[in-house]
Number of protein chains: 2
Amino acid sequence: MESVLTEAVALLDEAGAPALTFRALAQRLGGGVASIYWYVASKEELLDRATDHVMGAVLSDVERLPGSDDPIDDLRAMAVTLFGAIVRRPWLGAYFMRNVDVQGNSLRLYEKLGRQTLRLNLTAHQRFHAVSAVVGVVVGSAVDMGQEPPQEILDGAATREEFLGRFAEAWRELDPEDFPFVHEIVDEFDGHDDVDQFRSALDLTLAGLRLQAGA
Amino acid sequence: MESVLTEAVALLDEAGAPALTFRALAQRLGGGVASIYWYVASKEELLDRATDHVMGAVLSDVERLPGSDDPIDDLRAMAVTLFGAIVRRPWLGAYFMRNVDVQGNSLRLYEKLGRQTLRLNLTAHQRFHAVSAVVGVVVGSAVDMGQEPPQEILDGAATREEFLGRFAEAWRELDPEDFPFVHEIVDEFDGHDDVDQFRSALDLTLAGLRLQAGA
DNA sequence: ACCTGAACACCGTTCAAGT
DNA sequence: ACCTGAACACCGTTCAAGT
């Protein structure tokens, strides 16, 4: 079981979600395809378990965070840690927190995040929505990041800079009368940093939360 | 071409993303599978074009919005309209805004959203991040919503209430010492409304934005 | 309890060939 | 310019059979 998950994660890390097939996994394990079905009922379960497997390390990182007297700062640090894990493993973005099942590291992480809101002057309703919002920012940024080509594997040996640059170039061709905003931000878009973008979105949400909590 | 997209959208609306196969689409169009490849180079392009096709209607809805003297209120109304479209078509959540290609309704919608930030006292950098954050909230909420079973198509003819209730029940079994937050919000989770959750997340982001803009 | 080979029912995509 | 049948190389999943 352990080796099934380890090899599954290895495949995902090496070549992303499409690389994880029962046949590829079986070959790495040196067995037949059907064997995997003894450990796992479906591909969905395999993905869920592989995701929760790596979430164990993320949870450890979060637990190792120092913590401060400001619950919102702590919430930010935890979210940044979580997003960092997704930056390192882009395939995670599509699966993590998808089903916060009973037991499992995802639920424990959810609890960790939520516990910070218990230190804020909020209703239970507001606390639930606050954690949903923070998780939403992470997911939203992860999905956005997932659009970009991983590494330099795209047509014509282009880098991420060239990929963004090609979009930017096309945008600059648009009529400024029709697309004033696109022109306003095209230089910002060109070569932008995903982590920067995430942190800004997170900060807006946390600023709103601080206001709501009167903290 | 038009009918290819119309039928593709029909399939997606009827039974979600897995229902859209070249074979199913060809059958509906009364032709062979290979014919579709004359209009579209790949499945990815088919999905992109189908998505942009329905985004046309969303764009019309957004353009029909009255507008006010408060750019942030206008931003909120537009985001709510966008999210409403995703509630009606859950499959949209996985594809919209994925590639804001040159030309296309998604780009026009992106421009519409961004134009509101031009009315705020922000830097170009802040404007870019603000729109990214708002889109991120929509995407994040849409992904979260996509986890839940569509309609009552799940094991044992359960409703959404029963689906959420089953999770809530399991959560209530957890040790309150280990999971104080989960216990705090389990009643909120049970039977929660996705649109409510989205609006709360959006409001936090917009409150942060208002603070930033000093408006 | 654990593993297997072989099949089944699907996929997206290609291609030579037709009109 | 537009469409086709038939094949190719894959998928996830099942199942009877083995140890």
Side-chain angles (χ1 to χ4, degrees), chain A residues 1-53 90-92 94-96 98-99 101 146-147 149-150 153-156, chain B residues 1-53 90-92 94-96 98-99 101 146-147 149-150 153-156:
Chain A
M1 182 71 234
E2 185 63 22
S3 66
V4 171
L5 294 185
T6 307
E7 289 304 322
V9 169
L11 276 167
L12 289 165
D13 284 347
E14 285 166 29
L20 180 59
T21 63
F22 278 82
R23 284 167 177 83
L25 184 54
Q27 198 185 343
R28 269 177 105 109
L29 292 166
V33 241
S35 311
I36 302 163
Y37 281 91
W38 195 86
Y39 297 97
V40 116
S42 68
K43 176 143 193 199
E44 198 191 326
E45 194 190 319
L46 176 64
L47 247 355
D48 283 347
R49 290 184 109 102
T51 302
D52 208 70
H53 192 251
W91 60 269
L92 250 188
Y95 302 107
F96 89 109
R98 267 201 132 82
N99 61 345
D101 226 332
Q147 306 322 124
I153 310 162
L154 61 154
D155 55 322
Chain B
M1 182 70 235
E2 184 63 22
S3 65
V4 170
L5 294 184
T6 307
E7 289 304 322
V9 170
L11 276 167
L12 288 165
D13 285 347
E14 284 166 29
L20 180 58
T21 62
F22 279 83
R23 284 166 176 85
L25 184 54
Q27 198 184 346
R28 269 178 105 109
L29 292 165
V33 242
S35 311
I36 302 163
Y37 280 91
W38 194 86
Y39 296 98
V40 115
S42 68
K43 177 144 193 196
E44 199 192 325
E45 194 189 318
L46 176 63
L47 247 354
D48 283 349
R49 290 183 109 100
T51 302
D52 208 72
H53 192 250
W91 60 268
L92 250 188
Y95 303 107
F96 88 108
R98 268 202 129 82
N99 61 344
D101 227 332
Q147 306 324 124
I153 310 160
L154 59 154
D155 55 321

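Only heavy atoms go into these numbers, but all of them, side chains included; no hydrogens, no water, no symmetry mates. So you know, we letter chains A, B, ... as the sequences are listed, proteins then strands, and number each from 1.
- The interatomic distance linking B/Met1 (CE) with D/dC3 (P) rounds to 12 Å, in whole Å.
- Whole-Å rounding puts the B/Leu25 CG to C/dT13 C1' distance at 15 Å.
- Applying the 6.0 Å contact sphere to CD of B/Glu45 captures more than 12 heavy atoms from other residues, nucleotides or ligands.
- In this structure, A/Glu2 CD and A/Glu7 CD are separated by 11.0 Å, a value rounded to the nearest 0.5 Å.
- Nucleic acid contact class of A/Leu20 (heavy atoms, under 4.0 Å, all strands): sugar-phosphate only.
- Taking atom P on both C/dA17 and D/dC2, the two are 22 Å apart, rounded to the nearest angstrom.
- Closest approach of B/Val4 and B/Tyr39 over heavy atoms only: CG2-CD1, 4.0 Å.
- Of the two residues contacting DNA chain C, namely A/Gly30 and B/Glu44, the nearest-nucleotide position lying further toward the 5' end is that of A/Gly30.
- Both A/Val33 and A/Trp38 lie near DNA chain C, and the one whose nearest nucleotide falls closer to the 5' end is A/Trp38.
- Between the CD1 atom of B/Ile36 and the P atom of D/dT4 there is a distance of 10 Å, rounded to whole Å.
- One interatomic measurement links the two molecules: CD of A/Gln27 to P of D/dC11, which rounds to 11 Å at whole-angstrom precision.
- Projected onto DNA chain D by closest heavy-atom contact, A/Thr21 and A/Ala41 fall at different nucleotides, the more 5' of which corresponds to A/Thr21.
- Of the candidate nucleotides C/dC15, D/dT13, C/dG5, D/dT13 has the atom nearest to the side chain of A/Ser42.
- Comparing B/Ala34 and A/Phe22 along DNA chain D, the residue whose closest nucleotide (by nearest heavy atom) sits nearer the 5' end is B/Ala34.
- When rounded to the nearest whole Å, the span between NZ of B/Lys43 and C1' of C/dT14 equals 17 Å.
- When all heavy atoms are compared, the tightest approach of B/Phe22 to B/Ile36 is O-CD1, 3.4 Å.
- Pair assignment for D/dA6 gives C/dT14, based on Watson-Crick or G-U wobble hydrogen-bonding distances that are each under 3.5 Å.
- Residue A/Tyr39 places its side chain closer to C/dC2 than to any other of C/dG12, D/dG5, C/dC2.
- For the pair B/Arg23 CZ and C/dT13 P, the computed distance is 11 Å after rounding to whole Å.
- Rounding to whole angstrom units, CG of residue B/Leu29 and P of D/dC2 are separated by 15 Å.
- At a threshold of 4.0 angstrom between heavy atoms, the contacts of A/Ser35 include nucleobase atoms, whether or not backbone atoms are also involved.
- In this structure, CG in B/Leu92 is found 8.5 Å from CG in B/Leu12, a value given to the nearest 0.5 Å.
- Among C/dT14, D/dC11, D/dC15, the nucleotide with an atom closest to any side-chain atom of B/Tyr37 is C/dT14.
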